[in-house]
J.: 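One structure is given below, represented as structure tokens, and several questions about it will come after.
Residue numbering restarts at 1 for every chain, and letters A, B, ... go by the order of the sequence lines. Here the structure is a predicted model, which is why all the values come from computation and not from measurement.
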Amino acid sequence: MSLLTPDSGLLFWMLLTFGIVVFILAKYGFPVIVKMVEERKQYINDSLIMAEKARTELDKVKAEGEAIMDEARKEHLKLMQETAKTQEALINEAKEKAAIEADKLIADAKIRIQEEKNEALREVRRQVAELSVDIAEKVIKNKLSEEKEQVEMINRLLDEINISKS
Amino acid sequence: MKLKYKIWFLVALLAFVCNTLVRAQDTAKVESSSEKSAWNVRDFILEHVSDAYEWHITTWNKRQISIPLPVIIYSKTAGWNVFMSNKFKEQSVYRGFTIAGEGKYKGKIVELKENGESARPFDVSITKVTLSLIINSLLLIVIIMTTARSYKKHGFGAKKGFVGFMEMFIMNINDEVIKPCVGNDYRRYSPYLLTVFFFVFLNNIMGTLPMFPGGGNVTGNITITFVLAIITFLIVNISGTKEYWKEIFWPEVPTWLKAPVPLIPVIEVVGMFTKPFALMIRLFANMIAGHSITLGLVTLIFVTVSLGPAMNAGMSAVSILLSVFIGLLELLVAFLQAYIFTMLSAVFIGLARVKPHRK
């Protein structure tokens, strides 16, 4: 039966057509498609891995940031505390210094006052002495206005000197 | 969205009913034109599933409407002859050639010799199957190259629409059929196997259409499946490993089974040929059976005319229902046969790539 016997003409055309089809599709058709789809698969895989990596990296960075922030906060606190301490110390020192200074000033002032007082006393004494001498001079001048008196005086003074000499 | 699917479903169903009706109308014309002689269903079906020198479309008002196809023949006495097949319509014998009505070369072009004998010339005419084959091949190349070009143009980004569908289809066959069946070095064979799959699938699908660009019984022609099977046979045996040949000629069986009478080797060698032979027959028989059943169901309408109008109407309804069912089944078979052909080819290649067993 002719249905079951291959026909030579059709065989020729089939070989030719199918050969061309296979040549074109197996060279330029399917490999391109399969390659592209596989490339896409690879790309998606890579992207996923990269995303995962980026996420862990981000987590790490985040954790690092947190740590740095903590550190900074601690440092800050410490600095604040130190500053406070220093401040207190400075103030204390200043206070002490001021007190000492004040004491010294007071002491100096006292000494000066004492000196001034002494000076004043001395001045007063001197003036008193001068005044006394002046008064005495005036008194003596008044008394010695007469000749007799002068001679009496000189005699008395000579006596006195003689007494002291003998 | 749901309405859209409903519409598509209805369109598909209508298409199948129309498919049946077109075939029925086709059949009716043939029947009415040959009313006088007892109408032979068997001949009618065989004529439709075999190759022809013209592409018969329909018969209108007792006039046959068909596409004439080029006849290309060579014989020692007449040399090369190229003419359109409608020359045989005008005169039954043209340039000493005629289409044999009966005998060994029934339906083929023969050369009439002077002594009254007829001889078969070398015949490379573009027949109905040839033209179908060429149309389907062009369609296949266009479809696949469009898909491939889309990747070249737009890179490997995700695809939508037809290209996305083709990608899914191709990768499914590649990853689910070829990869597991061939094994490790499947990449070498996957382009060919994919080509075979889509070639067979598209030809099967086009065969289920009733009208011109489709309807050719390409994969239901033994020549086509013969070529496909031969190529598979060549690939399997060329890519056969040492272990493959060893398992054929010196398999691991008790010695008395392979020497002095090489019983198992003979069976294995026969097996080498039965594998592609089965491939050839399976595809051919399935497709020709599908076409025959569809035609048979349609002819049911015309066979039952003689049983009275009531019976005829009833049988027509049954015929249309069954035809729609068979039409849907043919769609499944179209995919299934392409799938099986590809899978078995892949399995045979995989078996030929066998590695030595570890001991």
Side-chain angles (χ1 to χ4, degrees), chain A residues 1-70, chain B residues 46 49-51 72-73 104-108 120 122-127 129-130 133-134 136-138 140-141 144-145 147-152 155-159 163 166-167 170-171 174 187 190-196 198-199 218 220-228 231 281 284 288:
Chain A
M1 211 162 89
S2 69
L3 267 182
L4 283 174
T5 46
D7 181 72
S8 60
L10 187 56
L11 188 74
F12 165 75
W13 286 113
M14 172 61 184
L15 281 174
L16 185 70
T17 317
F18 190 64
I20 293 169
V21 168
V22 168
F23 177 77
I24 293 177
L25 295 190
K27 198 159 184 200
Y28 305 106
F30 292 112
V32 173
I33 297 170
V34 171
K35 201 183 122 219
M36 282 301 199
V37 171
E38 267 162 11
E39 261 177 37
R40 182 201 297 156
K41 212 194 247 166
Q42 189 63 41
Y43 178 75
I44 291 172
N45 263 349
D46 289 354
S47 300
L48 280 177
I49 289 168
M50 243 143 77
E52 183 63 37
K53 231 189 221 164
R55 226 188 53 196
T56 40
E57 201 85 345
L58 198 73
D59 280 355
K60 226 166 83 188
V61 167
K62 234 181 185 172
E64 262 173 29
E66 206 93 325
I68 287 170
M69 283 291 279
D70 262 9
Chain B
L46 277 181
V49 295
S50 334
D51 208 351
I72 306 162
I73 39 184
K104 202 169 145 198
Y105 304 123
K106 191 188 169 194
K108 306 266 185 204
R120 185 99 171 88
F122 180 62
D123 182 358
V124 284
S125 308
I126 308 278
T127 57
V129 173
T130 312
L133 171 70
I134 291 168
N136 297 347
S137 299
L138 283 177
L140 180 64
I141 288 173
I144 300 300
M145 291 317 284
T147 312
R149 179 158 298 170
S150 154
Y151 284 95
K152 272 190 185 149
F156 57 61
K159 301 292 176 211
V163 176
M166 284 310 293
E167 177 197 308
I170 293 167
M171 291 318 288
N174 188 50
R187 267 166 219 283
S190 93
Y192 169 72
L193 290 170
L194 280 170
T195 311
V196 166
F198 284 96
F199 179 81
V218 179
N221 190 300
I222 195 116
T223 315
I224 307 294
T225 58
F226 173 73
V227 171
L228 291 173
I231 296 174
I281 295 296
F284 159 73
I288 206 163

J.: Chain A heavy atoms under 4.5 Å from B:D123: which part of the residue, side chain, backbone, both or neither?
T.: backbone
J.: Quick one: CZ on A:F30 to CE on B:M171, what's the gap to the nearest 0.5 Å?
T.: 11.5 Å
J.: Measure across A:P31 and B:P191 and return the closest heavy-atom pair with its distance rounded to 0.1 Å.
T.: CG-CG, 4.0 Å
J.: If the condition is side-chain hydrogen bond (donor to acceptor under 3.5 Å, both in side chains), which residues does B:T225 pass it with, not counting sequence neighbours?
T.: none
J.: Can you tell me which of B:I126, B:L140, B:I288, B:I134 forms the most heavy-atom pairs within a distance under 4.5 Å of chain A?
T.: B:I126
J.: Among B:I170, B:I281, B:V49, B:I231, which residue forms the greatest number of heavy-atom pairs with chain A at distances under 4.5 Å?
T.: B:I170
J.: What's the shortest heavy-atom distance between A:G29 and B:A148, and which atoms?
T.: O-CB, 3.8 Å
J.: Using heavy-atom distances under 4.5 Å, tell me whether A:F12 contacts chain B through its side chain, its backbone, both, or neither.
T.: side chain
J.: Mind running side-chain contact (heavy atoms from CB on, under 4.5 Å) on A:F18 and B:I224 for me, showing each step along the way?
T.: CA-CA 9 Å; A:F18 190 64; B:I224 307 294; over 6 Å; no
J.: Could you give the distance from CZ (A:F23) to CD1 (B:I141), rounded to the nearest 0.5 Å?
T.: 11.0 Å
J.: Do you know which two heavy atoms are closest between B:S137 and A:T17, and how far apart they sit?
T.: OG-CG2, 3.2 Å
J.: At a heavy-atom distance under 4.5 Å, which candidate from B:V218, B:N221, B:L194 has the highest pair count against chain A?
T.: B:L194
J.: Just so I understand: if I count every heavy-atom pair under 4.5 Å between each of B:L138, B:T127, B:L133 and chain A, which residue has the most?
T.: B:L133
J.: A:D7 and B:T223: which non-hydrogen atoms are nearest, and at how many Å?
T.: N-OG1, 3.1 Å
J.: Select one option (side chain, backbone, both, neither) describing which atoms of B:I72 are under 4.5 Å from chain A's heavy atoms.
T.: side chain
J.: Determine, stepwise, if the pair B:L228 / A:M14 fulfils side-chain contact (heavy atoms from CB on, under 4.5 Å).
T.: CA-CA 9 Å; B:L228 291 173; A:M14 172 61 184; 4.1 Å; yes
J.: When the side chains of residues 34-52 of chain A are checked against the rest of the protein, which donor-acceptor pairs come out under 3.5 Å, sequence neighbours left out?
T.:
unit_1	atom_1	unit_2	atom_2	d
A:E38	OE1	B:R187	NH1	2.6
A:R40	NE	B:F156	O	2.7
A:R40	NH1	B:E167	OE1	3.4
A:R40	NH1	B:E167	OE2	2.8
A:R40	NH2	B:G157	O	3.1
A:R40	NH2	B:E167	OE1	2.9
A:Q42	NE2	A:D46	OD1	3.3
A:S47	OG	A:Y43	O	2.7

J.: Tell me, for B:R149 versus chain A, whether the close heavy atoms (under 4.5 Å) come from the side chain, the backbone, both or neither.
T.: neither
J.: Can you name the closest pair of heavy atoms from B:S125 and A:W13 and give their distance?
T.: O-NE1, 3.4 Å
J.: Using non-hydrogen atoms and a 4.5 Å limit, figure out which bit of B:Y151 sits close to chain A: side chain, backbone, both or neither.
T.: both
J.: For chain B, which of A:L25, A:L10, A:L11 has the most heavy-atom pairs under 4.5 Å?
T.: A:L10
